[in-house]
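Have a look at the structure below, then the notes.
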Amino acid sequence: MQHHHNNVTLSLSRATTMLTPLASLSILYPKHLQGLASIAEKAMSYQKCDSILIHSGAPKLSFLDDYHHPYKANPHFTWWLPITQSPHCYLLIQTGQKPVLFYHLADDFWHVPPQPPQGFWCDYFDIHLCADLAQVKRGLRQYQSTNENRAWIGEDIELAKELGILQANPEGLMHQLHYARAVKSQYELACLTQANVAAFAGHQGAKQAFMAGKSELDTQLAYLCAAQQDTLQMPYRNIVAFGHHSAILHYQHYDHSPQNMNQPQSFLIDAGASFNGYAADVTRCHSRGSVLYKELTQAMTQAQAKICAMAKPGVSFVDLHLQMHHLVLDILMDFSLVQGSKDELITSHISSAFFPHGLGHLLGLQVHDIGGWQQDELGTMLSPPKQHGFLRCTKTLEQNMVITIEPGLYIIDSLLEKWKKSGFAHLLNTTTIDHLRPLGGVRIEDNIVVAQTPVKLSL
Ligand SMILES: [Mn+2]
């Protein structure tokens with residue numbers, strides 16, 4: 001097999017200059033808040049409302065149980081405030097007024113009660129401490145804006161009604177806000193950077209554990225230990241996949257059987273971390289004893305880096321996805337996983353059988369940040385091309401959007417079986433495919449800030 005190992009010169013800057021000390025968050029925050037205020041005012045004037053009440057959310061009970069599902073804060077709430085673990089809070093946003101926080105301080109001897117609010121953000125809010133809904137209702141009456149002209153942002157619509165608010169998550173308002181959320185403030189970039197610092201530590205710990213022969217479960221535990229975050233702080237369930245498991249896109253188990261150190265082994269880890277509600281989402285591949293997997297990982301890493309360097313303002317994410325398919329096809333040919341003329345390989349869309357998911361997505365307060373298909377503030381949606389239905393982002397990139405770039409190449413038998421029935425079976429080289437199968441697949445994922453010189457947040 002002949003592989004390309006030519007060094008690509010990348011105009012991709014490292015995030016090191018952005019590794020802001022935590023103290024600088026307090027310096028960046030006021031400007032972030034100013035930005036949010038003008039976004040909210042514009043959205044309110046569009047919606048013809050004069051205030052928004054944002055609910056933090058609340059944990060949900062398990063069926064027939066007195067145990068709650070893990071609490072996940074409303075991202076619209078954490079957009080304003082770095083409060084991720086205090087449910088039952090309300091945030092009142094009014095045109096031209098200081099934002100008001102109704103902070104839930106319950107008398108609860110079962111749990112560690114939320115602490116009275118403290119931190120760099122406190123000065124920017126009127127804070128009311130509330131033990132129950134009645135106190136929130138009383139508190140709301142002190143403000144000029146009224147329920148008729150108030151919009152609610154939150155999951156619990158019954159609660160909105162109970163508070164007398166009829167406009168729950170109005171579409172026009174939500175479109176405005178979701179469109180704006182794609183472009184990050186400097187404060188948000190600093191939070192995303194910090195999330196990536198924790199994720200990097202985790203990835204290093206996991207790599208060590210894998211190399212030492214630990215199981216998937218022990219490798220996951222090593223990740224958490226090194227990242228110093230617990231499972232509930234993970235923005236999604238980490239994928240820790242050895243061997244053929246790495247070809248299962250959302251592999252959801254942690255096998256506890258130890259590795260056979262006499263066999264070549266591959267390892268795909270898609271694992272993140274969080275900071276102030278912001279998520280890191282990073283995938284790396286490692287291997288022991290397999291030249292094939294190592295070279296495939298190198299080839300995919302180089303191709304992925306080329307695409308990362310193209311994440312500039314004005315570029316269509318769909319184009320990046322399609323360009324990546326060309327690079328995947330080149331790799332498939334280099335590694336003799338496919339055969340036949342390039343023209344026929346292109347027409348057959350064979351790269352989709354090996355790279356069946358999207359190139360990436362918006363990243364922020366949600367791992368898959370909302371609004372990936374949204375083209376304007378009014379909510380015009382653009383679906384991905386028919387062949388590429390799983391693409392989560394069809395936007396034209398703008399300065400300071402944050403995206404993931406995560407191409408993959410896998411041996412997925414169910415897809416190859418379908419392929420064989422398509423009339424293009426002769427394009428597959430089953431010998432090499434059989435060779436790669438036990439090693440699963442490769443995915444490389446980084447977090448990129450869109451800019452003239454794109455910035456890589458993942459380390
Ligand atoms: Mn991702």
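Position 1 is the first residue of the sequence; numbering continues from there. Just follow the structure's listing: the first ligand is 1, and inside any ligand the first atom is 1.
Note on the Mn ion (ligand 1): protein N, O or S atoms under 2.8 Å away count 4, no waters included.
Because its NZ or CZ atom is both nearer than 6.0 Å to the ring centre of F210 and within 45° of the ring axis, R288 counts as a cation-pi partner of that residue.
Taking the ring centroids of F77 and H55, they lie at or beyond the 6.0 Å cut-off.
Of the possible polar contacts, none joining the Q375 side chain to the G379 backbone as a donor-acceptor pair under 3.5 Å is found. The main-chain N or O of D230 is found under 3.5 Å from a side-chain atom of Q233 such that the two form a donor-acceptor pair.
Screening L365, D369, I153, I370 against P75 for a side-chain contact (heavy atoms from CB on, under 4.5 Å) leaves a single residue, L365.
Here the straight-line distance linking atom CH2 of W373 with atom CG of L382 works out to 9.0 Å at 0.5 Å rounding.
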